[in-house]
Amino acid sequence: MIKKVIISPSILSADFCNLERDIKLVESAGADWLHIDVMDGHFVPNITIGIPVVESIRKVTSMPLDVHLMIEKPEKYIEVFAKAGADILTFHYEAVSDIKPIIDLIKSYNIKAGLSIKPKTPAQVVFPYLKDLDLVLIMTVEPGFGGQKFILDCADKIPLIKEKASESLIIQVDGGINSETAGICTSYGANSLVAGNYIYKSADINAAIKSLL
Ligand code: DX5
Ligand code: ZN
């Protein structure tokens with residue numbers, strides 16, 4: 001059986017005046033999930049998408065909504081994002097002091113729980129939580145903005161985590177993913193790729209998505 005790689009286009013690079021159109025474009029091109037970057041201007045120096053937008057997106061697509069919380073105090077917002085329609089909720093290791101209760105809280109809504117690490121955070125910090133997590137998100141750029149350059153060193157964390165994890169863990173990478181860096185990450189064991197700029201700024205979205213596989 002060929003192992004499936006989950007492609008999750010990031011709408012951060014979409015045209016927000018034509019968001020429904022841009023969501024349907026990636027859906028019909030065969031994307032698996034839709035990646036939604038939530039930023040609060042505190043955890044990262046940018047402010048993006050909030051709860052009402054997630055609610056609206058939920059109404060126009062059946063793709064699983066892969067919500068990446070780049071916010072402080074994520075525990076305060078798990079319930080509202082789960083009720084807004086998130087299928088995967090990923091929060092940052094660096095944003096909280098007590099990880100396990102937040103994983104449990106996310107899973108209490110019967111959705112997938114993800115934990116993300118920034119480029120300077122070592123892979124080892126996620127090890128104690130691997131048995132509880134559905135997904136680990138390895139940032140391959142500093143979180144905050146689309147269109148940045150892939151940091152190759154971050155890919156070294158993929159095999160370290162894969163070696164400790166069960167077969168079912170989703171290892172996702174996010175930041176600077178294109179046809180070349182995707183190949184590096186999947187060869188190291190990543191099985192979910194987030195891509196914003198590469199997909200949405202491409203002249204042929206279908207071809208761009210296929211070139212990641
Ligand atoms: C960055 C976000 C990413 C971003 C990726 O903080 O988490 O999801 O949209 O954008 P690209 O693929 O353009 O690097
Ligand atoms: Zn993201």
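Read the numbers this way: they start at 1 and go in the same order the structure lists the ligands and their atoms. These numbers come from the heavy atoms of this one structure, side chains and all, not from hydrogens, waters or symmetry mates.
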Show the nearest heavy-atom pair for residues Asp66 and Ser8, with the distance to one decimal.
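It is OD2-OG, 2.7 Å.
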
For a quick check under 3.5 Å, do His68 and Thr90 share a side-chain donor-acceptor pair by atom type?
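Absent: no donor and acceptor within the cut-off.
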
Hey, which atoms in ligand 1 end up nearer than 4.0 Å to a heavy atom of Val194?
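It comes down to these atoms of ligand 1: 8 (O).
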
Contact atoms of ligand 1, heavy-atom distance to Ala195 under 4.0 Å
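Every atom of ligand 1 under 4.0 Å from some heavy atom of Ala195: 12 (O).
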
Just to confirm my output: which protein heavy-atom neighbour is closest to [atom], and how far is it?
atom: atom 11 (P) of ligand 1; answer: Gly147 N, 3.6 Å
atom: atom 3 (C) of ligand 1; answer: Asp174 OD1, 2.9 Å
atom: atom 10 (O) of ligand 1; answer: Gly146 CA, 3.5 Å

Indicate if Met39 and Leu19 have the same hydrophobic cluster label, given that clusters are the connected sets of ILVMFWY residues with side-chain heavy-atom separations under 4.5 angstrom.
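Not linked; separate clusters.
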
Does Ser192 use its side chain to pair, donor to acceptor, with the backbone of Ile170 at less than 3.5 Å?
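No; judged by distance alone, with no hydrogens or angles, the pair does not exist.
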
Counting both backbone and side chain atoms, is some N or O of Pro143 under 3.5 Å from an N or O of ligand 1?
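Looking only at distances, the answer is no, because the N/O contact criterion of under 3.5 Å is not met.
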
Are any of the N/O atoms in Gly176 less than 3.5 Å from those in ligand 1?
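Yes, there is a polar N/O contact under 3.5 Å.
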
Would a 4.5 Å heavy-atom cut-off, applied to side chains only, mark Ile49 and Phe16 as touching?
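Yes, at least one pair of side-chain atoms sits under 4.5 Å.
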
Can you tell me if Phe145 has a non-hydrogen atom under 4.0 Å from ligand 1?
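Yes; Phe145 lies near enough to ligand 1 that a heavy-atom distance drops under 4.0 Å.
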
Check the pair Leu169 / Leu135 against side-chain contact (heavy atoms from CB on, under 4.5 Å), numbers first and verdict last.
CA-CA 6 Å; Leu169 183 79; Leu135 178 148; 5.5 Å; no

